[in-house]
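Basis for what follows: all heavy atoms, side chains included, without hydrogens, waters or symmetry-related copies. All values derive from a computational prediction rather than experimental measurement. By convention in this document, chain letters (A, B, ...) are assigned in the order of the sequence lines, proteins followed by strands, and residues within each chain are numbered from 1.
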Amino acid sequence: MPELPEVETVRSGLAPVMEGATITNAMINRPNLRFAFPDRFCERLNETQVLHVRRRAKYLLIGLDSNETLLAHLGMSGQFSIIPPGGPPPNTNPAHDHVVLCLGNDHRIIYNDPRRFGFMDLIASNALDESKFLADLGPEPLSNSFSSARLAEQFAGKTRPVKTALLDQRLVAGLGNIYVCEALFRAGIAPQTPVKRIGAVRRERLTHTIREVIEQAIAAGGSTLRDFAATDGALGYFQHRFDVYDREGEPCLHKDCTGTIKRIVQAGRSSFYCPRCQR
DNA sequence: AGGGGGACCTGTGCGC
DNA sequence: TGCGCACAGGTCCCCC
């Protein structure tokens with residue numbers, strides 16, 4: 001589920017509940033997710049106050065007044081739920097509720113992750129940017145440092161397919177399989193295209209469609225977030241219509257295009273595209 | 001050094 | 001219905 005827009009949706013759901021609250025009782029139900037929890041994980045969380053809930057790429061960054069930051073990655077199937085005081089139990093499988101944070105405001109935050117590709121760590125807040133998780137990340141796609149000029153440098157002389165390149169978090173941070181497929185469709189660029197063969201005009205268009213796809217997905221997540229908050233408090237999943245992703249064999253949605261969406265595998269991942277309007 | 005493939009997990013949906 | 005297989009929105013690590 002979680003690419004940048006989904007993580008941003010989770011962040012904006014958690015922030016109003018967690019910011020300013022004290023973690024009164026942190027509990028884990030197993031020693032590890034993808035990696036082991038850090039030493040004394042619960043003790044280091046207990047009795048700390050949450051200063052802010054931020055995001056970098058697909059990482060949630062929960063800043064604490066202990067001068068540590070709780071870093072969380074949702075992997076493929078991670079999900080946070082907010083249980084309000086006296087609220088109903090979360091609509092998830094409790095067998096995979098791995099982390100529970102009880103807050104002083106009587107809300108509970110539950111982290112559920114069936115596949116356990118997610119992970120958490122505690123990192124000194126003043127060394128966050130140099131941590132192994134964040135140090136090599138490229139620019140946020142909505143920031144000014146993400147630009148066609150920067151992509152030009154990264155594409156120069158490289159033969160790797162543009163699909164694979166855009167999944168590389170060092171080039172641009174936060175894109176995943178779905179939004180790369182969608183951005184390439186909107187830009188009219190085939191996923192197999194070697195990056196060095198993408199000229200300035202198409203590169204500009206790609207820069208624009210990446211921003212557009214991410215912005216629209218965040219907007220869609222924000223509206224769906226309110227719906228979820230009203231029901232079971234589950235964050236991280238929302239409905240979204242995609243133009244090409246998971247539409248193999250269906251007609252291209254561009255009017256006047258008679259193409260059929262095709263699926264190919266690149267670097268072990270599915271790419272969906274229209275062979276007629278993506279060249 | 002860059003890039004491909006497998007590994008890490010569980011759940012789901014499909015064809016037989 | 002049951003069974004086996006393919007596949008899933010991410011990242012790391014090994015190997016060429």
Quiz item: Do A:I218 and A:L4 have side chains that get closer than 4.5 Å, going by heavy atoms?
Solution: yes

Practice problem: Kindly write out the residues that satisfy salt bridge (Lys or Arg N to Asp or Glu O under 4.0 Å) with A:R44, not counting sequence neighbours, or none if the list is empty. | Solution: A:E68

Practice problem: Could you check if a side-chain atom of A:D113 sits within less than 4.5 angstrom of a side-chain atom of A:H96, using non-hydrogen atoms only? | Solution: no

Quiz item: Choosing from C:dA8, C:dG9, B:dT10, which nucleotide comes nearest the side chain of A:R269?
Solution: C:dG9

Practice problem: Would you check if A:L70 and A:F41 make a side-chain contact, meaning some heavy-atom pair closer than 4.5 Å? | Solution: yes

Report all interatomic pairs (protein N or O, nucleotide N or O of nucleotides 11-16 of chain B) with separations under 3.5 Å.
residue, atom, partner, partner atom, Å
B:dG11, OP1, A:H96, NE2, 2.7

Exercise. Starting at the 5' end of DNA chain B, write a dot or bracket for each base, bracketing those in Watson-Crick or G-U wobble pairs whose two distances are under 3.5 Å and using | for partners on another strand.
Key: .|||||||.|||||||

Practice problem: Please list all pairs passing the side-chain hydrogen bond (donor to acceptor under 3.5 Å, both in side chains) test where one or both residues lie in residues 19-29 of chain A, with sequence neighbours left out. | Solution: none

Quiz item: Heavy atom of residues 163-172 of chain A under 4.0 Å from DNA chain C: which residues?
Solution: A:Q169

Practice problem: Have a look at A:G176 and say if it touches a base, only the backbone sugar-phosphate, or nothing, with a 4.0 Å heavy-atom cut-off. | Solution: sugar-phosphate

Exercise. Give the ring-plane orientation class for A:Y245 versus A:F242, where under 30° counts as parallel, over 60° as perpendicular and anything between as tilted.
Key: perpendicular

For nucleotides 12-16 of chain C, which of its nitrogen or oxygen atoms have a protein nitrogen or oxygen under 3.5 Å away, and what is each distance?
residue, atom, partner, partner atom, Å
C:dC12, O4', A:R34, NH2, 2.7

Quiz item: Toward the 5' end of DNA chain B, which comes first, A:F117 or A:A267, by nearest nucleotide?
Solution: A:A267

